[in-house]
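Each remark here refers to the structure printed beneath this line.
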Amino acid sequence: MWFFSNKGPFGYYATSTAEQVTQGIDGSGLTAIVTGASSGIGAETARVLALRGVHVIMGVRNVGAGHRSKEAIIKQVPDAKLDAMELDLSSMTSIRNFASNFNSLGLPLNVLVNNAGIMATPFMLSEENIELQFATNHLCLFAGHFLLTNLLLETMKKTADKCKHEGRIINVSSRRHKFPYNEGIRFDKINDESGYNSLSAYGQSKLANVLHANELARRLKEENVQITANSLHPGAIATNLFRHYSFLNGLVAALGKHVMKDVHQGAATTCYVALHPDVKGMTGKYYADCNLAETSLQAKDQDLARKLWDFTNNLIDKSTT
């Protein structure tokens with residue numbers, strides 16, 4: 001559990017908050033996109049980045065909830081630069097519209113936080129007939145968060161070149177990436193309802209997040225582009241991710257505040273990797289509690305990462321046609 005953790009090499013604990021790990025950092029002049037920013041650690045990430053002077057674009061599925069979150073942040077941070085834009089990460093159409101709308105604004109883009117996700121849902125298909133957790137947590141964090149990243153990457157490259165400031169892409173994964181299906185990614189059974197296990201499917205989608213960051217980091221390095229790509233585990237956090245499991249949801253409600261992180265602590269690693277100078281030049285890494293952490297062996301498999309990249313591109317092409 002997080003409360004047994006020791007202080008890391010940079011002086012932070014699992015209990016450190018997002019404000020504490022970004023204390024003294026000036027993000028003025030930077031622009032960031034944070035997906036899933038209407039609640040939970042996404043909203044807290046947006047708040048703390050805005051507190052540090054970053055212009056934050058909040059990608060939100062529910063625009064009304066996004067505006068309420070924006071207003072709540074501005075009450076705490078009156079000078080915050082915030083915009084809420086519609087983004088449904090289970091819909092490739094919505095992702096394309098969001099990217100097009102953002103790019104048309106002519107804004108720079110320094111930081112992309114692929115945060116939005118769902119956990120342990122019953123078997124469902126997305127708008128493009130892809131298993132929902134894989135579609136949202138991977139496709140929209142790889143083809144949706146993969147697709148979203150690809151659609152925004154040229155803007156990030158231009159920003160990094162013009163501003164001479166390192167761009168950063170952050171995939172919010174989970175420790176559950178270590179517990180996917182036995183084969184890791186079920187390439188031939190993504191939509192197989194008969195063999196579906198909600199927690200294994202969640203682990204598969206989170207493994208995809210790590211593999212995506214690693215392969216993206218490798219490709220950006222080859223291009224000699226000043227953009228890093230990393231993934232992270234935010235910690236076990238008392239949020240509504242457990243809503244599809246009544247027992248777990250009840251347990252979280254009863255015990256969460258005693259044994260789990262709150263959102264201020266849960267957003268710490270994301271904000272750390274997004275802004276902290278200690279992370280400069282670090283790419284293809286995995287973080288937890290604001291420190292480097294170990295992934296599973298499958299997450300380190302470069303061949304699996306390349307296969308997933310190609311597989312996802314093919315899924316996008318098929319969905320588009």
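Only heavy atoms go into these numbers, but all of them, side chains included; no hydrogens, no water, no symmetry mates.
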Between [X] and [Y], what is the shortest heavy-atom contact and its length?
X: K157; Y: V225; result: CG-CG1, 3.9 Å
X: S16; Y: V21; result: CB-CG1, 3.8 Å
X: A213; Y: A229; result: O-CB, 3.6 Å
X: A299; Y: H177; result: CB-CD2, 3.9 Å
X: C271; Y: T45; result: SG-CA, 3.9 Å
X: I74; Y: A80; result: CG1-CB, 4.4 Å

In chain order, what residues pass the side-chain hydrogen bond (donor to acceptor under 3.5 Å, both in side chains) check against [X], with sequence neighbours excluded?
X: K307; result: none
X: R68; result: none
X: E19; result: R47
X: T283; result: none

Is there a donor-acceptor pair closer than 3.5 Å between any side-chain N or O of [X] and the backbone N or O of [Y]?
X: N209; Y: S205; result: yes
X: N101; Y: N97; result: yes
X: H276; Y: V273; result: no
X: S69; Y: A65; result: no
X: T269; Y: C290; result: yes
X: S94; Y: D88; result: yes

side-chain contact (heavy atoms from CB on, under 4.5 Å) partner of D289, chosen from Q265, K261, H233: K261

Among T93, T35, L148, side-chain contact (heavy atoms from CB on, under 4.5 Å) partner for F98: L148

As an exercise, state the distance from [atom1] of [X] to [atom2] of [Y], rounded to the nearest 0.5 Å.
X: E166; Y: Q226; atom1: CD; atom2: CD; value: 7.0 Å
X: I41; Y: N115; atom1: CD1; atom2: CG; value: 4.5 Å
X: R168; Y: N230; atom1: CZ; atom2: CG; value: 8.5 Å
X: H165; Y: I227; atom1: NE2; atom2: CD1; value: 12.5 Å
X: E183; Y: S200; atom1: CD; atom2: OG; value: 9.5 Å
X: L211; Y: L216; atom1: CG; atom2: CG; value: 12.5 Å

Inter- and intrachain pairs under side chain to side chain donor-acceptor pair (under 3.5 Å), touching residues 49-66, at least two apart: T22-R52, H55-D83

Any pair counted as side chain to side chain donor-acceptor pair (under 3.5 Å), so long as it reaches residues 23-34, sequence neighbours left out: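 Side chain to side chain donor-acceptor pair (under 3.5 Å) check on residues 23-34 returns D26-S28.
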
Could you check if a side-chain atom of [X] sits within less than 4.5 angstrom of a side-chain atom of [Y], using non-hydrogen atoms only?
X: L153; Y: I169; answer: yes
X: I73; Y: L51; answer: no
X: V34; Y: M58; answer: no
X: F102; Y: L152; answer: yes
X: M85; Y: L105; answer: yes

So, are [X] and [Y] salt-bridged, with charged N and O less than 4.0 Å apart?
X: K75; Y: E71; answer: no
X: R219; Y: E222; answer: no
X: E294; Y: K178; answer: no

Results of salt bridge (charged side-chain N to carboxylate O under 4.0 Å, His left out) for K285 - residues two or more places apart only: none

For K158, all residues meeting salt bridge (charged side-chain N to carboxylate O under 4.0 Å, His left out), sequence neighbours excluded: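 Not a single residue meets the salt bridge (charged side-chain N to carboxylate O under 4.0 Å, His left out) criterion with K158.
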
Row check, Y202 ring normal vs R176 NZ/CZ: under 6.0 Å, within 45°: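 No, R176 and Y202 do not form such a contact.
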
Step-by-step side chain to side chain contact (heavy atoms under 4.5 Å, CB included) determination, I237 to D262: CA-CA 6 Å; I237 306 159; D262 60 29; over 6 Å; no

Looking at residues at least two apart in the chain, or sitting in another chain, which of them share a side-chain contact (heavy atoms from CB on, under 4.5 Å) with [X]?
X: Q298; answer: P180, L207, S296, L304
X: A274; answer: L49, V111, I170
X: Q302; answer: R306

N103 side chain to T155 side chain, donor-acceptor N/O pair below 3.5 angstrom: yes

Check: H212/N171 side-chain N/O donor and acceptor closer than 3.5 Å: yes

CA sep, side-chain torsions, deciding dist, call: Y287, V279, side chain to side chain contact (heavy atoms under 4.5 Å, CB included): CA-CA 10 Å; Y287 290 83; V279 183; 3.8 Å; yes

Within 6.0 angstrom of K81 NZ, more than 12 heavy atoms from elsewhere: no

Over 12 non-hydrogen atoms of neighbours within 6.0 angstrom of CZ in R175: no

Linked, directly or transitively: M260 and F179 (ILVMFWY side chains, under 4.5 Å):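 M260 does not cluster with F179.
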
ILVMFWY network linking L112 to V48, side-chain heavy atoms under 4.5 angstrom: no

Residues clustering with Y286 (ILVMFWY side chains joined when closer than 4.5 Å, directly or via others): V210

Working for side chain to side chain contact (heavy atoms under 4.5 Å, CB included), residues V172 and T270: CA-CA 7 Å; V172 179; T270 304; 3.9 Å; yes

Side chain to side chain contact (heavy atoms under 4.5 Å, CB included) between L82 and V77, worked out: CA-CA 10 Å; L82 290 165; V77 189; over 6 Å; no

